[in-house]
There are 2 protein chains.
Amino acid sequence: MTSDGFRLTRQRRAILDELRKVTSHPTADELYEAVRRQCPNISLGTVYRNLETMSANGIIRRIDVAGRQMRFDADIEPHYHIRCVHCGRVDDVGSSTWDRLEKLASESTEYEVLGHTIEFTGVCPACKERERSG
Amino acid sequence: MTSDGFRLTRQRRAILDELRKVTSHPTADELYEAVRRQCPNISLGTVYRNLETMSANGIIRRIDVAGRQMRFDADIEPHYHIRCVHCGRVDDVGSSTWDRLEKLASESTEYEVLGHTIEFTGVCPACKERERSG
DNA sequence: CACCATAATAGTAATGATTATTGTTATGGG
DNA sequence: CCCATAACAATAATCATTACTATTATGGTG
């Protein structure tokens with residue numbers, strides 16, 4: 001076989017397009033709602049399965065942020081996130097990872113340190129506005 | 001009424017004792033199993049309800065780490081955690097919070113920054129041993 | 001000490017996100 | 001054109017957590 005059997009179907013294209021369009025790190029069901037405009041009878045299971053497949057293949061990144069739902073990111077470069085404590089929205093924090101932190105962690109535990117994430121919490125601009133007017 | 005109606009029941013005492021005994025930041029069902037030795041017919045719902053009540057009252061801390069389950073900590077002082085990518089165990093990283101990080105985050109987003117967590121990932125000593133022997 | 005309002009409980013049902021299953025459809029190489 | 005199989009839609013199952021309900025326990029007051 002010449003290809004590895006990975007087919008870029010209409011559904012996958014739609015999910016990927018939608019994910020690349022936004023900066024909000026959407027949840028599976030948010031993507032499902034958005035993608036339904038292109039593929040009206042796509043299944044939620046299909047969205048989940050393809051998000052899983054694509055993150056396993058390194059095409060996208062699954063971010064396991066605090067809260068009940070997984071979120072997804074078209075940016076596969078390592079970077080930090082900030083999460084709104086009101087609405088759950090997740091945005092990027094423009095800063096690169098800091099290797100010194102991992103050294104610090106490995107010195108103070110018996111763990112073999114593999115990586116780290118920093119998650120900031122705060123109030124996003126939209127919620128600040130809603131607070132002010134509401 | 002003189003008191004605020006908070007009763008330190010046998011069940012609450014047992015949950016709190018168990019949580020203070022360990023450093024592994026157990027999940028609700030782990031605490032449930034442990035507490036059953038003291039209170040054989042305690043309900044899982046009671047464990048959840050009291051963990052919720054006690055963390056709302058600031059007696060304990062609920063930590064929302066990556067992964068599907070909530071974890072709980074008797075140490076209410078702010079500190080960082082490290083999570084084993086194999087077994088999910090969570091331990092402390094001996095380092096204090098770093099305010100400069102939050103300033104950095106607020107400068108690169110439009111958020112009003114309220115806080116942050118750092119979660120390290122790695123392999124805990126028990127899993128390292130299991131890898132070596134298994 | 002007995003009473004009573006109510007906090008808290010055990011047991012169970014419901015919820016919500018995710019994963020698994022199943023039978024069907026679509027695709028692309030030979 | 002055919003066939004193996006990747007992928008699909010629809011739906012059922014799972015798992016952590018929360019909500020509900022009827023019952024029990026507690027502690028202050030008369």
Side-chain angles (χ1 to χ4, degrees), chain A residues 1-18 25-57 59-72 83 87-90, chain B residues 1-18 25-57 59-72 83 87-90:
Chain A
M1 63 184 83
T2 48
S3 84
D4 61 349
F6 186 90
R7 295 176 186 166
L8 189 53
T9 59
R10 189 168 42 88
Q11 291 88 341
R12 278 183 185 153
R13 162 68 58 200
I15 292 167
L16 205 48
D17 283 352
E18 202 58 46
H25 309 73
T27 58
D29 66 294
E30 283 168 355
L31 281 169
Y32 172 62
E33 284 307 323
V35 163
R36 262 145 77 87
R37 292 199 298 270
Q38 308 295 109
C39 308
N41 52 353
I42 192 173
S43 164
L44 178 58
T46 297
V47 175
Y48 270 107
R49 179 166 23 77
N50 286 328
L51 289 171
E52 164 59 28
T53 303
M54 291 191 289
S55 57
N57 288 20
I59 298 167
I60 64 171
R61 178 172 289 274
R62 189 216 302 244
I63 56 179
D64 195 356
V65 79
R68 24 183 73 67
Q69 294 181 82
M70 290 284 171
R71 288 179 174 271
F72 298 88
R83 176 176 54 86
C87 68
R89 179 187 170 95
V90 173
Chain B
M1 61 184 83
T2 48
S3 82
D4 60 350
F6 186 90
R7 296 176 185 168
L8 189 53
T9 59
R10 190 167 41 89
Q11 291 87 341
R12 276 183 186 153
R13 162 67 59 200
I15 292 166
L16 205 49
D17 283 352
E18 202 58 45
H25 308 75
T27 58
D29 66 296
E30 283 168 355
L31 281 169
Y32 173 62
E33 284 308 322
V35 163
R36 263 147 76 89
R37 291 200 299 270
Q38 308 296 109
C39 307
N41 51 353
I42 193 174
S43 164
L44 177 59
T46 297
V47 175
Y48 270 107
R49 180 167 22 76
N50 285 328
L51 288 171
E52 164 59 28
T53 303
M54 290 192 288
S55 57
N57 288 20
I59 299 167
I60 64 172
R61 178 172 289 273
R62 189 216 302 243
I63 56 179
D64 195 357
V65 293
R68 21 183 74 66
Q69 295 180 79
M70 291 282 171
R71 288 178 174 273
F72 299 88
R83 176 176 54 88
C87 69
R89 180 188 170 94
V90 173

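Quantities reported herein were computed from a predicted structural model and do not represent experimental measurements. Chain naming here is simple, since letters A, B, ... match the order of the sequence lines and numbering starts at 1 in each. What's counted below: heavy atoms across the whole structure, side chains too, no hydrogens, waters or symmetry copies.
Note that CG of B:L51 is 5.5 Å distant from CG of B:L31, once rounded to the nearest 0.5 Å.
One interatomic measurement links the two molecules: CZ of B:R13 to C1' of C:dT9, which rounds to 18 Å at whole-angstrom precision. Note: CZ (A:R12) to P (D:dA6) measures 11 Å, nearest angstrom. The distance between atom CD of B:E52 and atom C1' of C:dA8, rounded to the nearest whole Å, is 15 Å. Put simply, CG on A:L51 is 10 Å from P on C:dT19, counting in whole angstrom units. A straight line from CD of B:Q11 to P of D:dT24 spans 14 Å, rounded to a whole angstrom. For the pair A:N50 CG and C:dT19 P, the interatomic distance rounds to 13 Å; values are reported in whole Å.
With sequence neighbours excluded, no residue forms a side chain to side chain donor-acceptor pair (under 3.5 Å) with B:T9. Take B:D17 and apply the side-chain contact (heavy atoms from CB on, under 4.5 Å) test, not counting sequence neighbours, and it matches B:R13. Here A:T27 pairs with A:D29, A:E30, A:Q69, A:R71 under the side-chain contact (heavy atoms from CB on, under 4.5 Å) rule; sequence neighbours left out.
Both A:R10 and B:L8 lie near DNA chain D, and the one whose nearest nucleotide falls closer to the 5' end is A:R10.
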Atom pairs, protein N/O to nucleotides 22-28 of chain C N/O, distance under 3.5 Å:
{"unit_1": "C:dT27", "atom_1": "O2", "unit_2": "A:R7", "atom_2": "NH2", "d": "3.3"}

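Side chains of A:T46 and A:R49 form a contact here, defined as non-hydrogen atoms less than 4.5 Å apart. Put simply, the side chain of B:I63 does not reach to within 4.5 Å of the side chain of B:M70, judged on heavy atoms.
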Check your understanding: If the sugar-phosphate is the primed atoms plus P, OP1 and OP2 and the base is the rest, what is the B/S/- string for nucleotides 11-18 of chain C, using protein heavy atoms under 4.0 Å?
Key -> B-----SB

For residues 32-45 of chain A, please give each side-chain donor-acceptor pair under 3.5 Å, one per line with the distance, not counting sequence neighbours.
{"unit_1": "A:Y32", "atom_1": "OH", "unit_2": "A:R36", "atom_2": "NH1", "d": "2.9"}
{"unit_1": "A:S43", "atom_1": "OG", "unit_2": "A:G45", "atom_2": "N", "d": "3.1"}

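The heavy-atom pair separating B:A28 from B:F72 by the smallest distance is N-CE1, 4.1 Å.
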